[in-house]
Structure formats: C-alpha cells, structure tokens
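Worksheet for the structure shown next.
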Amino acid sequence: MYPDEMRESLAKVEQNRAFNTAFEPKRMTAEEKETLLKTYHPDYIDGEFAELLVGQNQGEKVPKELAALLQAKSRITSDFDVSRPDYDVDVLIIGGGGAGASAAIEADNTGASVMIVTKLRIGDANTMMAEGGIQAADKPNDSPAVHFLDAYGGGHFAAKKELLYKLVTEAPEAILWLNRLGVEFDKDETGTMLTTHGGGTSRKRMHAAKDYSGAEIMRTLRDEVLNRKIPVVDFTAAVELLLDENGRAAGAVLMNMETQELLVARAKTVILATGGAGRLHYQGFPTSNHYGATADGLVLGYRAGAKLLYADTLQYHPTGAAFPEQIFGALVTEKVRSLGAKLVNADGEVFMHPLETRDVSAASIIRECSDRHHGVHTVEGVGVWLDTPMIERKHGVGTIEKRIPAMLRMFAEYGIDIRREPILVYPTLHYQNGGLDITPACETAVPNLFAAGEVVGGIHGRNRLMGNSLLDIIVFGRSAGRNAGKRAKETGIGTPDLSHLDRFARQLDEAGLTSDAVSPILLPDYARKKVK
Amino acid sequence: MVTIYLFGKKYSVPGELTIMTAMEYAGYKLVRGCGCRNGFCGACATIYRIEGDRELHFCLACQTQVQEGMVIATMPFFPLIKQVYDIETVTPSQQLMMQLYPEVYKCIGCNACTKACTQGLSVMQYIAYAQRGDFKKCAEESFDCVMCGVCSSRCPAGISHPQVAMLARRLNGKYLTPEAAHLNDRVEEIGDGKFEELLSALMEKPLDEIKELYHHRDIEQ
C-alpha cells in the first residue's frame, strides 16, 4: 500500500505504462557510461577510501571500513596453545555457502578427509539469496568466447583473463553437475533451458530456478554434503589461520559462537570460502547480503600474507527495495528487468535501458535521484520505480507468479501486488568485486591456502555481471576442493603456530597503527540500533 | 511505539520494525535465529500470539512487521529427520519414500502443517503427493519451501516435511525432468576443444581491439 504522497507519481507511471512498455530506450555509449560512473558511482568517491599502510597491498586503497579491519588487532595472541588440535583433517573448509559446499563435495571425491566450519549454519550465505540466475553459454547461438567478451567488457577489461577463461569454459559443465545433483532448473517440456538476458549479456544465457536460483542450488548442495556425511561444524567461526614453519597454511583457530570457546583445527590444506562484506555497510548503504557477510576471509588471509586484488571495487545492486522500510535494501532480482520491467522516474519517464550493467544502472539511478531530481521521496529516502506490471503486459497474465514468486511474496507481505503496482528501488550494497588474488588452481599467495567464492577477486574485474557469481562459486568452489584434496595427499605436516600474528602486529606498530579494534568482527553489531 | 513481549518480557519498540529488527532494537545481539534476513534461509522461524487472542501465528521474523501486543517466541532450531541416500543410485519410486520417510504414511490429515507454513504452501497436499510417490507434484507444490521447520513442529505424526520435499525435488530435478540436450552437447564440444582457437584468438588481441569488439557486439533481441 503506497501512501498518498507517492500516489501522484504512481499515477504518472500508470498513465505512461502502455507507451513505456513498447518504448525501446537506447543503450549508453562507452563514453556516456564512463562519465556517468566517474560522477555518480560510489567507487569513485575518493574520501570513502583509505590507503593500506601494511601488508601485501601496502599503498593501495580500499574502503575505509575494510582498511580498519585489515589493520586491526587479532582476537587472540600468538601464545595461544595450538599444539593439541581438537580437529585433525586433510582439508579444512572455512565457510558453508555455495563455494564451501561445492569444495567439500569435490574434496570428498578425492578421498581426503574434509570438514566444513561455518559461523552460522551451512547455507547461511549470499548463495542462498541469489535470486536471478546463473550464466552458462550452452545455447547454439552462444559460445564461451561470447560469454568471455560480455564479462570482460562488463568488468571494464580488468578481469584476470586466465580466471575468466576458466569461468566461461567450465560453466556448462557446472550447470550439468548441478542438474545431475538434482537442481531444478527452469526448462520447457523437452528439457531445453529457459534462459533470459541479464544486464550486459549479449546472449540469453541466464539459467534460473524461478527466483529462488541460489536457494535451490544451496539447499541441494547442502543436502549432498549431508548425504556424504561430511562433518559440518556450525556456529563456529575461524578467527585466525595457522601457518607451519615453512609458511604453509596448516589449519585455523576456531571460536564457538555461542560459548566463545576457542578450538584448534589442524589441516594439511585450508580453503577460505567465507564470502563477502555487505554487512560492513560501506558508505552507509543498506545491503542485500546475509547476516554474516563481514569480510572475515579477507582479514584472515591478509594477516597470513595473502594478497588482495581490486578490493577497492564494490557492487551496488541497482534495485534494492526502497519501500516499504521493513525491506529497505533487500534484493529485487535483476530478473525482474530481464522479464521486461523498466526503470521509470518520478515523472513516469523511462530514463535508461533496463539492462545496462549493474554499475552503470546503479550510477544512473543515483543520478536520477540526485542531480536530476527525478526521484520519488519516502520517509526513509528516495528511489525510482521499477514497473513490474509491464512483465505481464509483455509475457501474459500469470508470468510473475510463475517466474518470480519470491518477489511477489515479499511485497505482498506489505500489501503491494507487484502484478498491478510498480515497486520503488534504489541501489543496495550487494557484492565484493575484489578479494583474495588467486591462480586458476584457486591458490592464494600463501602455500596450501586456497580460496573460492565471493572472497576471491579478479574473476570479474571491476564489475560483475548478473549470474556470474553463482557460476563462480560452483566452478571455483569445485576446483578449490579438487586441488586442496590432491595437495593434502602430497604435502607434509609441519608444526602449526601463530607467529605470523606477531610479525603483523610489529608491522602495525611500525606504521603507527595503534587502534584497539579487533577483527574479524564475525557479525555486525545491530543491538540497540535501527538497522537497515 | 508498540508494546511487544519477547519470550514473555515486555518491550516498547518502533512500530515500523520487523520482529527481527525489533529484537535488535531491544538489545539482542542475535547469533541463532538470524541468517539471510531476507526471507530465503528459514533461520528465523517464529511463533506469536496477539495478547488476548486465542490464535497462534507462524512467520519468519525478518519478513514480519511487529504489531501491538505480539507475544513472541522464536524457534531457531527444530530437530528434523534428514535421511541420507545416494542420489546416483536411488530410484524415484514410492518404495524409496516408504523406506526413507515411512512416517509420511502416519499423516492424520489435520492440516496443521499447511496452516502453520510461513510461506503459505499447501504442505499437507505435498505430503500426500509424496505418499503416492508423485515426486514431480510434490516438488512443484513445495518449491518455495525455506525449510524453517514450523510445519514439522506442529505435526502430530512427527513428519519432517521439508526433508521429504527436499528429496522429492532432487529426484524431480535429476530423474523426472528431461536433461537439456543443448547443455550436454555444449559440454562435449568444450571437452573436444571446439572453442579453444576462438577463445585464444580473442584473449590475445590487443586491448583496443577487444574494446572495439565489446562495444559493437550484437545483442540478441
């Protein structure tokens, strides 16, 4: 139910709907996009970034909230006794999302003993909340080369080519693997995948499971992990990595989230699959991320000597919910635009092509709501319309219930029927484009420390296309699992310790960084606050 | 401000909050009972009653606005039965259901599961499909399940509905829906190296040429 003050603008949207549905807006030129991004994208606001004074990326800029965590103190000291491990495994996987679960299944296939630790439950992850879909060039008019070009250009030609090559060439195999595990992709009666566009794709290669794509993938992977009896230690966070005398990763110090008890896991190889950082609320943005997205893996990895790549680039999903405030910042899937809904300003005008890349779309919405003054104001903020009723004008009655039931349900809870009324949107902090720098074998700069999933940077360059993240967690998650499993068989076990914490603390001291803050923070602190 | 009762204790909170953000506003630092905060993970199953009313309500704390007089208990965990099986070797038959989840046949038809579902699904109906071994219909009917477990907490027969449905969906996805021929073909083509030349030619081009290709690529309508 929209309040009266929004009704005037709403009437204009309704009035123009027939015209707007048929209208084909132009795409922006390369130059237009560049100027738009530099002027309006949050990544370009210099004052929001801080230079790192220590570590592998010394001299580079990252968001100031992240810099504070990367250069904070450890939760423990190096004299903590790690000589009597509570767990002793071949492969330790930190994180229970899509990448961690995929890694666990493949590491299990190598015959290694595997354990997942996760600070919440397995499946409490951004994977679970990915709605729109997963890309793979598997239609006759498409090819991995076209997929490569779309992603490379969409990421501003910054992706590490060898990582992107792996992503696009292993994509069809990833879909097949998921399908054969029982993931229910949307298909027609002959088995042909129903695929759509995402922002910046030149072929319709977005595979989906309604708008529960990530949830369907995650619950299937979780079921498979449980079927294989792979141990999952839940409500247990990793608070530091262990390194042996040769500087190789050798396990982690863990903390029971409920009792605060510290435990030690020794392992021959470690996979960081800890996900993103939306709960750091960079630049005060609300986020579409799950509760535990607090950059833990970046902190642990960086302290142990791993290198970051593109940690200064974040993805603001153009369409976070801007009304009602109970769901402020929640994800409104890009699939809504794939299916034909357009972005409309307060005056009822379509102001951009609905399928520009995410960074361009977000910047365009920010421009519309700031300098152009064409935003719709609410108690909480401002937004533009995403005209969902266009979908059923284009594809027929019943399309919304069939293809995006989660969106229908989310807004119906607040009396908004998205089949008849548009929804109000504004960018929300969605994805960490950068992260740990890895090789195509998922190795970080620290020997025997692997990484996969959102914690990794470089696959997507400086902006990620829709549907390439669900894809990367599967492709790189599986690869990390296979490689870590194999390595565990070849590598020796040294004597794990925490002496790297002293080395890092010395560097902080020398750089004059004397903050009392500790990291990783594990969970955001929302107590006694009104949270976005 | 509205008055709510968290586990029986009275708090005054802004009326626009959800149950989850109201708990945080009241001072809780959640560890259990909070996952995606967006209605997809099922971590925040919640039971409430409006003071003075006899009816029990079930919801996800992150998706439900507080109301005056809500008496709230969260259910961050429920002991569901999850049977293990080998997806590669099972057959999607009624016998499998009898073997893994025989309690579905003890359903007394009370419909408490459906009434309690936080997603508004016809839970008893999908269990009926499961009983018959109609996994396709069970999968369709249960698709939006977030596995919060409220249905099972209400079930006099001790059925673990979300796990029954999970099994049905995997069987449907793997065995009962045709595979995508174009997908199998493409995996084979990649295995045969069909795109290697195309890809390496593209990757080796100077940046300006790649940019040119990108900015002028044709986009499928």
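A note on names: the letters A, B, ... follow the listed sequences, proteins ahead of strands, and every chain is numbered from 1.
- Minimum heavy-atom separation, A/Tyr152 to A/Ala159: CE1-O, 3.6 Å.
- Nearest approach of B/Thr177 to B/Asn172, heavy atoms of both residues: OG1-O, 2.8 Å.
- Closest of all the heavy-atom pairs between A/Glu224 and B/Ile87 is OE1-CG2, 3.7 Å.
- Salt-bridge annotation for A/Arg409 and B/Asp144: present, with a side-chain N of the basic residue lying under 4.0 Å from a carboxylate O of the acidic one.
- When each of A/Asp525, A/Ile327, A/Asp150 is checked for heavy-atom pairs under 4.5 Å with chain B, A/Asp150 comes out on top.
- Remark: A/Arg219 is positioned above the aromatic ring of B/Phe143, its terminal NZ or CZ atom under 6.0 angstrom from the ring centre and at most 45 degrees off the axis.
- When each of A/Met129, A/Lys119, A/Glu173 is scored by its heavy-atom pairs under 4.5 Å with chain B, the top score falls to A/Met129.
- Counting heavy-atom pairs under 4.5 Å between each of A/Ala30, A/Gly292, A/Pro144, A/Ala125 and chain B puts A/Pro144 at the top.
- Proximity to chain A (any heavy atom under 4.5 Å) is shown, for B/Ile210, by both the backbone and the side chain.
- The side-chain hydrogen bond (donor to acceptor under 3.5 Å, both in side chains) test with A/Asn179 singles out one residue from A/Lys187, A/Glu184, A/His207, and that residue is A/Lys187.
- The residue among A/Pro405, A/Ala406, A/Ala215, A/Gly214 with the most heavy atom pairs within less than 4.5 Å of chain B is A/Pro405.
- For the set A/Arg27, A/Lys229, A/Glu413, A/Glu258, the count of heavy-atom pairs under 4.5 angstrom toward chain B peaks at A/Glu258.
- The cationic atom of B/Lys29 (NZ for Lys, CZ for Arg) does not lie both less than 6.0 Å from the six-membered ring centre of A/Tyr526 and within 45° of the ring axis.
- Both the backbone and the side chain of B/Met203 come within contact range of chain A, judged by heavy atoms closer than 4.5 Å.
- Within the 4.5 angstrom heavy-atom criterion, atoms from both the backbone and the side chain of A/Arg180 approach chain B.
- At a 4.5 Å heavy-atom cutoff, B/Met20 makes no contact with chain A through either its backbone or its side chain.
- Looking at A/Leu331, the atoms closer than 4.5 Å to chain B (heavy atoms on both sides) all sit in the backbone: N, CA, C or O.
- Using a 4.5 Å cut-off between heavy atoms, A/Asp124 touches chain B through its side chain atoms alone.
- A ring-centre distance under 6.0 Å is not found for B/Tyr11 and B/Tyr25.
- In this structure, chain A has heavy atoms under 4.5 Å from both the backbone and the side chain of B/Leu213.
- Neither the backbone nor the side chain of B/Leu176 comes within less than 4.5 Å of any heavy atom in chain A.
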Before giving the answer on ring pair (Phe, Tyr, Trp, His ring centres under 6.0 Å), spell out for A/Tyr212 and B/Phe40 the whole-Å C-alpha distance, their side-chain angles and the decisive distance to 0.1 Å.
-> CA-CA 8 Å; A/Tyr212 285 92; B/Phe40 286 91; 5.4 Å; yes
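- Looking at A/Arg203, the atoms closer than 4.5 Å to chain B (heavy atoms on both sides) sit in the backbone and in the side chain alike.
- The shortest non-hydrogen separation linking A/Thr333 to A/Met407 is N-SD, 3.7 Å.
- When the candidates A/Leu120, A/Asp223, A/Thr220 are compared by the number of heavy-atom contacts under 4.5 Å with chain B, A/Asp223 comes out ahead.
- Only the side chain of A/Arg222 comes within contact range of chain B, judged by heavy atoms closer than 4.5 Å.
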